Protein chains: 2
Amino acid sequence: MNKKNKSLSKNQKLVLDFIQGNKKPVKAYSILSNVQKKGINAPPQVYRALDKLIEMGKIHKIESQNSFVACSTSDCETPHAIAFSICNNCDEVSEINDSKLFKYLLDFRDSNGVKFAGYNLEFFGICKSCEQIQKV
Amino acid sequence: MNKKNKSLSKNQKLVLDFIQGNKKPVKAYSILSNVQKKGINAPPQVYRALDKLIEMGKIHKIESQNSFVACSTSDCETPHAIAFSICNNCDEVSEINDSKLFKYLLDFRDSNGVKFAGYNLEFFGICKSCEQIQKV
DNA sequence: AGCATAGTGTTATATTATAACATAAAATAT
DNA sequence: ATATTTTATGTTATAATATAACACTATGCT
């Protein structure tokens, strides 16, 4: 058991369950329509849960897509230091877990010598399966 | 004169002029209301110009803010390889121009050995002036 | 028990972005 | 120089994303 694992509220659980049930990132209104049978009725309820889950590091927001995906590490240490690869062809998103990269970025200082508290990094390219298809 | 400097259309010029006239990133509807006296009437006209300007590397989109800012290098070589710092306190955004960082990221390969065509990187933290204020 | 904090439910509305269609201007090829 | 293609424009309507504001409820402290 992890100290950081604050117990989730009802709506937070519902939203997280749905996100975790999807390999691909999901959109807020898709979450909404899928949890409506379970008692969530309106956008603010979804967005509030999303905000908290992001804070807790349970999920991440893919900024360039306005979509949300479960964190691939069981308990994210650095909710605001995260990297994704996004396929320009099929929109597949995967989380990049490369400790060297993370260290490089968290240690990075700007020209004023200022370190940053976090970052969001999205790589774009063609994923392996799309590349295969193009070759055929 | 630069070969890459395709001449801009009327709407593209209007939109770019307004963005360049602002130190801070601007929002699409703020652009719209500011160019309305100059003959642009509706959102699609703004968004179309924005799309083209991004393609050309004249401007960048700050994904986490849905805002747009002029590229700080006169003629951006890598429109989709860009880094910003964003102040969590005052929302100030500045473009980070660090060739080492750029090279590191463009050379980065994921666990499959796949290189990426581009990336978007946003650092978050407290900017220098906000830090000063907090100390006082 | 009393209080503070966090979460819920709801309505309405703000903000961001695109679809779809008709037309016009510009660039390129023959 | 004109036909063709590509790019841009103008317009209306609407889709998609996100938050404000308010009343109320549950939970965790001390």
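Convention: sequence-line order gives letters A, B, ...; per-chain numbering from 1. What you are looking at is a predicted structure, and each value in this text was computed from that prediction instead of being measured.
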Counting side-chain heavy atoms from C-beta on, which of [options] comes nearest to [X]?
| X | options | answer |
| --- | --- | --- |
| B:Pro43 | D:dT19, C:dA17, C:dT8 | C:dA17 |
| B:Ala42 | D:dT17, D:dT12, C:dT18 | D:dT12 |
| A:Lys27 | C:dA19, C:dT8, D:dT17 | D:dT17 |
| A:Arg48 | D:dA18, D:dG10, C:dT8 | C:dT8 |
| A:Lys61 | C:dG9, D:dA8, D:dA18 | D:dA18 |

Consider only side-chain N and O atoms of [X] and [Y], and report whether a donor and an acceptor are under 3.5 Å apart.
| X | Y | value |
| --- | --- | --- |
| A:Asn120 | A:Glu122 | yes |
| B:Asp98 | A:Ser111 | no |
| B:Glu63 | A:Ser64 | no |

Exercise. Should the pair A:Lys103-A:Asp107 be classified as a salt bridge under the 4.0 Å nitrogen-to-oxygen rule?
Worked result: yes
Can you measure [X] atom [atom1] to [N] atom [atom2] for me and round it to whole angstrom units?
| X | N | atom1 | atom2 | result |
| --- | --- | --- | --- | --- |
| A:Ile40 | C:dT10 | CD1 | P | 11 Å |
| B:Leu50 | D:dA8 | CG | P | 13 Å |
| B:Tyr47 | D:dT17 | OH | P | 13 Å |
| A:Leu32 | C:dT11 | CG | P | 13 Å |
| B:Ile54 | C:dT16 | CD1 | C1' | 13 Å |
| B:Asn41 | D:dA13 | CG | C1' | 15 Å |
| B:Gln12 | D:dG10 | CD | P | 12 Å |
| B:Ile31 | C:dT16 | CD1 | P | 11 Å |

Under-4.0 Å side-chain N/O to phosphate OP1/OP2 contact, [X] with [N]:
| X | N | result |
| --- | --- | --- |
| A:Gln45 | C:dG9 | yes |
| A:Ser9 | C:dT8 | yes |
| A:Lys52 | C:dG7 | yes |
| A:Asn66 | D:dA18 | yes |
| B:Asn11 | D:dT9 | yes |
| B:Lys13 | D:dA8 | no |

Problem set entry | Member of A:Phe124, A:Phe84, A:Phe123 meeting the ring pair (Phe, Tyr, Trp, His ring centres under 6.0 Å) criterion with B:Phe116 | A:Phe123
Problem set entry | Near-parallel close stack of B:Tyr29 and C:dT16 base (under 5.5 Å, under 30°) | yes
